[in-house]
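Chain A is the first sequence line, chain B the second, and so forth, proteins listed ahead of strands; every chain is numbered from 1.
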Amino acid sequence: MTVNDIKEKLNLTVYAGAAGLNREVTGGYVSDLLSDVMGHSSEGQIWITLQTHKNIIAIASLKELAGIILVQGFEPDADTQKQAEDEQIPILGTHLSTFEISGKLYNLLHKCCE
Amino acid sequence: MLRIKADMHIHTVLSPCGDLDMSPRNILIKAKEKGLDLIAITDHNSTLMCRVIANLASEYDIAVIPGVEITTKEEAHCLAYFHDYEQINQIQMFLEQHLPPIQNNPDLFGHQLVVDQDEMILQEINTLLITALNLSIDEIEKTVHKIGGIFIPAHIDRPKYSIISQLGFIPFDLNAEAFELSRYSSPDSFTAQNKPYRNFIYVQNSDAHYLENIADAYTIFEIENPTLEEIVKALKNLDGRKIVSTHNQRKTN
């Protein structure tokens with residue numbers, strides 16, 4: 001399943017990094033502590049967070065994450081959007097809470113992989 | 001030049017987690033006992049206790065720099081210091097404007113008191129002070145500098161509420177005059193594990209919430225006068241002003 005499939009199925013907004021929408025998603029990771037994401041996320045995961053600082057792109061790039069979903073209507077800062085474009089890392093958004101979007105993503109990924 | 005022993009991160013009775021013994025006179029007496037020449041008052045997201053302590057400080061021959069420990073949207077704690085009370089009034093208005101209107105529950109967090117020099121309660125602050133402002137670290141840094149203050153991310157070695165725990169690493173374009181290490185670290189031990197930051201400017205302070213922790217960590221400056229202007233010069237290594245050393249009284253971890 002690609003980031004674009006998830007975007008379509010969960011009705012997500014694309015804020016930046018559309019060039020990376022064809023990335024393959026292997027799983028999800030949920031955390032708002034960037035030090036934790038740096039330590040524990042894995043390649044190919046889509047990351048759900050409320051952090052909008054440009055460091056999220058550096059960490060997603062470093063860990064080769066498939067993309068980022070911002071929750072509760074949070075929008076990326078201007079310099080975050082620019083870096084996402086440069087790094088081709090899709091930043092998506094939803095008005096749902098972390099709990100709701102995580103549940104939907106979990107169901108989607110596990111249905112696809114059964 | 002003077003050798004100034006400075007602890008620039010001290011909380012008072014106003015911080016909900018600050019001990020009720022952290023009154024103006026008690027703080028100054030303990031600072032004197034510990035041989036400090038300069039202290040800074042840095043409560044969480046409020047400057048309302050700075051002036052009373054500064055006014056009392058001449059009795060103890062201690063310089064008091066007014067400041068605040070600001071919680072950014074990312075929940076990174078950052079210290080800001082100001083040259084005068086006009087700047088302090090500006091940052092106070094900014095803080096009150098951007099702190100969400102969540103009520104303090106004193107049973108959970110403790111009381112948030114503004115007291116006078118005789119420990120009479122002048123005001124109890126109802127808005128919870130330990131929560132985060134609704135602005136990013138970059139926006140807060142820009143505001144502090146626009147007002148004329150200096151900006152120092154707090155206890156960056158700690159696994160909680162530090163710029164590194166919250167943002168993974170220090171953004172390379174962050175405009176900070178220095179970085180603070182807690183009483184559990186030192187510049188040598190920190191940079192040994194964090195080599196990209198080995199050329200940064202470091203200060204150490206106690207972050208005391210209790211009297212007995214005042215001066216548990218401190219910085220020695222070589223400066224002309226115990227003022228913020230001189231400290232800024234020392235941080236920039238200008239005109240012969242400098243940081244001599246930083247210290248902690250605890251074992252490093």
Practice task
Just say parallel, tilted or perpendicular for the rings of A/His110 and A/Tyr106, cut-offs at 30° and 60°.
Solution key: parallel

Problem - Minimum side-chain heavy-atom gap B/Met8-B/Thr219 below 4.5 Å - result: no

Handout entry: Interface moiety of B/Leu167 toward chain A, non-hydrogen atoms closer than 4.5 Å
Key = both

Exercise for the section: Measure the shortest side-chain to side-chain distance between B/Val144 and B/Phe82 over non-hydrogen atoms and say whether it is less than 4.5 angstrom. Expected result: yes

Practice task
Take the angle between the ring planes of B/Tyr202 and B/Phe179 and call it parallel below 30°, perpendicular above 60°, tilted in between.
Solution key: tilted

Completion exercise
Okay, A/Asp32 and chain B: the region with an atom under 4.5 Å from a heavy atom over there is backbone

Exercise for the section: Drop me the distance from B/Ser206's OG to B/Tyr218's OH, to the nearest 0.5 angstrom. Expected result: 12.0 Å

Exercise for the section: Count the heavy atoms belonging to other residues, nucleotides or ligands that lie under 6.0 Å from CD of B/Glu86, then report whether that count exceeds 12. Expected result: no

Problem - Part of residues 39-67 of chain A lying next to chain B, heavy-atom separation under 4.5 Å - result: A/Gln51, A/Thr52, A/His53, A/Lys54, A/Asn55, A/Ala58, A/Ile59

Problem - Heavy-atom pair of closest approach, residues B/Ala178 and B/Pro153 - result: O-CD, 3.4 Å

